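Proteins come first, then strands; the chains are lettered A, B, ... in the order of their sequence lines, and each starts at number 1. This structure is a prediction, so every number in the text was calculated from the model and none was measured.
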Number of protein chains: 2
Amino acid sequence: MAISTRGRYGVRALLAIVKANGPLSTAHISKLEDISLPYLEQIFNKLKRAGIVRAKRGAQGGYLLSRSADTISVGEIIGILDGPVKFSQCHHPDHEEECEKRDICASRRFWSDLENDVNSKLHKTSLQDLKNIETGLIEKVQAHDGETNLLRS
Amino acid sequence: MAISTRGRYGVRALLAIVKANGPLSTAHISKLEDISLPYLEQIFNKLKRAGIVRAKRGAQGGYLLSRSADTISVGEIIGILDGPVKFSQCHHPDHEEECEKRDICASRRFWSDLENDVNSKLHKTSLQDLKNIETGLIEKVQAHDGETNLLRS
DNA sequence: GGCAATCTTGACAGAGTCGCTAAGGATTGT
DNA sequence: ACAATCCTTAGCGACTCTGTCAAGATTGCC
C-alpha cells in the first residue's frame, strides 16, 4: 500500500548494481548500503522472480540487471516490493463494493488525482535517471569543495 | 506515516460539515458517510484537540468548523489524523543518525522531492476547493443526464 | 427539574504488516 | 573438493490499522 523501507532498499540496492557495472553479491551490497544481509536476500528474491534481475551463482557471482537501467523505473521496483501505491481504495476497478456516489465524490476524485501524480513520477524515473542525478550531486559537492579550498588558500 | 482511512474519513467528514452549513452530529455524519460511529468520534476527538473543529453540545448539537473552509487544507487534516506524510526518513532534520552520504545520495534526493510534491498538493487544496470540485462534478452528471434524456425522448 | 440528545474519554482487541533474524539447502566457478 | 554465492522457508516481536465496547459528562428543551 505505502512505500516502505523494503521498496526503498530495493531501489538503493539496484542503483548500487548500476554503479558497479558488473555482478554484485548481496554480501557486498549489504556492506555498501548498510542493509541487513538476510533482509536484502529476501528483497532480491522478489526482484528475481519478477524478472528485474538475474543471478550469477558461485564464486565471484552476484546479481545483475536483466534489462538496461533506463528501462527499469522506480515505480516498477516499488510495485514489486511494496505493492501498488494507493492513497484510497474506492476508486480502483477491483474494488467490489461499488459506491453509488462514485461519480460525484470530490474526495475520491482528489485522492485518485494525487495517486496518478505520484505514480506518474514513479514510473517516469528510471535507475539510469537516478544514476545521473547522483553524478550531478557529486559534481556539485566537488565544485563546492573547490570553492572552499580557494577561500582557504 | 502514510495516508490511511482515518485521514481520509476525516476529510470526508469535514467536507460533510462544510456542505451542511451548520452543526452536524457524529451520528448524522456516520449515516451520511457510512463510517462507524465510535471510530468517527475518535477522529473528531483529535480534530477538536487540534482546534480544527468546535463542539456544540446538547440536543441539536454537533460539530462545526472553527475556521472558514478555505483556510483548512487537506494536508492539515491528514497531518493531524495520520501524522506527517513521509516517503523516506533519512532526509528529515529530526533523523538523528546523520548519513555521511547525505549530500550525494540520489535516492534520498528523489524521495525528498516526491514528498515535497505531495505535501504541496495536500496543503494547496482546501475544504472549500473540495466543495467546489464536488459541485462541479454534480453539474457534470446532471448535464450528462440531460443529454441521455434528450436521446431517450 | 427531568429527560433525552449529544459529546468525551479510555480501554481494548483482532487482524495484518513491517522489518528483520535464523537455519539450512542448492548451485556454481575454480 | 571446496568455497562462494544464491535460494527457500519459517518465525517473531513490535507496531499500526480499524475499529468495538462501556461509561461518564454536559447541554438543550419541555
Side-chain angles (χ1 to χ4, degrees), chain A residues 1-10 12-13 17 20 22-31 33-66 78 80-90 97, chain B residues 1-10 12-13 17 20 22-31 33-64 66 78 81-90 97:
Chain A
M1 174 184 165
I3 293 165
S4 71
T5 53
R6 193 163 44 216
R8 291 193 304 266
Y9 283 2
R12 265 169 54 207
I17 294 180
L24 206 54
S25 73
T26 48
H28 271 125
I29 299 175
S30 166
K31 278 180 201 163
E33 298 292 329
D34 195 31
I35 300 172
S36 135
L37 178 55
Y39 197 33
L40 201 54
E41 283 175 343
Q42 197 182 111
I43 288 170
F44 271 98
N45 207 325
K46 284 194 171 201
L47 292 174
K48 200 202 128 193
R49 261 181 288 184
I52 293 286
V53 110
R54 282 186 300 126
K56 195 183 171 203
R57 303 182 93 165
Q60 265 66 45
Y63 284 103
L64 328 134
L65 300 189
S66 46
I78 295 293
I80 291 163
L81 295 173
D82 286 334
V85 172
K86 289 188 195 174
F87 288 120
S88 177
Q89 334 266 285
C90 64
E97 255 184 277
Chain B
M1 178 182 161
I3 294 165
S4 71
T5 52
R6 192 164 42 219
R8 291 192 305 264
Y9 283 1
R12 265 168 56 206
I17 294 180
L24 206 53
S25 74
T26 47
H28 271 124
I29 299 174
S30 166
K31 278 179 201 162
E33 298 292 330
D34 195 29
I35 300 172
S36 137
L37 179 56
Y39 197 33
L40 202 54
E41 285 173 341
Q42 196 182 110
I43 288 170
F44 271 98
N45 207 327
K46 284 192 170 200
L47 292 174
K48 201 201 126 195
R49 260 181 291 183
I52 292 288
V53 111
R54 282 186 300 126
K56 196 182 170 205
R57 303 181 93 163
Q60 265 64 46
Y63 284 102
L64 332 131
S66 45
I78 295 294
L81 296 174
D82 285 335
V85 173
K86 289 187 196 177
F87 287 120
S88 178
Q89 335 266 284
C90 64
E97 253 184 278

Any idea which of [options] is nearest the [X] side chain?
X: B/Arg6; options: D/dT8, D/dC29, D/dT18; answer: D/dT18
X: A/Thr26; options: D/dC7, D/dC6, D/dT27; answer: D/dC6
X: A/Ser36; options: D/dC29, C/dT27, C/dC20; answer: C/dC20
X: B/Gln42; options: C/dT21, D/dT27, C/dA11; answer: C/dA11
X: B/Tyr39; options: D/dC7, C/dC7, D/dG19; answer: D/dG19

Between [atom2] on [N] and [atom1] on [X], what's the gap in Å once rounded to a whole number?
X: B/Leu64; N: C/dC7; atom1: CG; atom2: C1'; result: 13 Å
X: A/Asp34; N: C/dC20; atom1: CG; atom2: C1'; result: 14 Å
X: A/Arg54; N: C/dT28; atom1: CZ; atom2: P; result: 14 Å
X: A/Leu37; N: C/dT21; atom1: CG; atom2: C1'; result: 11 Å
X: A/Leu81; N: C/dG19; atom1: CG; atom2: P; result: 11 Å
X: A/Lys46; N: D/dT8; atom1: NZ; atom2: P; result: 14 Å
X: B/Ile43; N: D/dC17; atom1: CD1; atom2: C1'; result: 12 Å
X: A/His28; N: D/dC6; atom1: NE2; atom2: P; result: 10 Å

Does a side-chain N or O from [X] land closer than 4.0 Å to OP1 or OP2 of [N], or not?
X: A/Asn45; N: D/dT8; answer: yes
X: A/Thr5; N: C/dC18; answer: no
X: A/Lys48; N: D/dC7; answer: yes
X: A/Ser4; N: C/dT17; answer: no
X: A/Tyr9; N: C/dC20; answer: yes

- Item | Along DNA chain C (nearest heavy atom to each residue), the more 5'-positioned of B/Ser25 and A/Gly58 |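 Looking at DNA chain C, the more 5' nearest nucleotide goes with B/Ser25.
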- Considering heavy-atom distances to DNA chain C, does B/Ala55 or A/Pro38 have its closest nucleotide positioned more toward the 5' end?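 Looking at DNA chain C, the more 5' nearest nucleotide goes with B/Ala55.
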Do any N or O atoms from the side chain of [X] and from the backbone of [Y] form a donor-acceptor pair under 3.5 angstrom?
X: B/Arg8; Y: A/Phe87; answer: yes
X: A/Ser30; Y: A/Ser36; answer: no
X: B/Ser66; Y: B/Gly51; answer: yes

- Item | Contact check, side chains of B/Val53 and B/Leu64, non-hydrogen atoms, under 4.5 Å |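 Not touching, per the 4.5 Å side-chain cut-off.
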Do A/Tyr9 and A/Arg6 come close enough that some side-chain heavy atom pair is under 4.5 Å?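 No, too far: nothing below the 4.5 Å cut-off.
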| message | Regarding A/Phe44, tell me which of base, sugar-phosphate or nothing describes its non-hydrogen contacts under 4.0 Å with the strands shown. | response |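 Counting heavy atoms under 4.0 Å across all strands, no contact is made by A/Phe44.
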Select from B/Glu41 and A/Glu41 the residue whose nearest nucleotide in DNA chain D is closer to the 5' end of that strand.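 The residue whose closest nucleotide sits nearer the 5' end is A/Glu41.
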**Message:** Would you call the rings of A/Phe44 and A/Tyr63 parallel, tilted or perpendicular, taking 30° and 60° as the class edges?
**Reply:**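 Correct class here is parallel.
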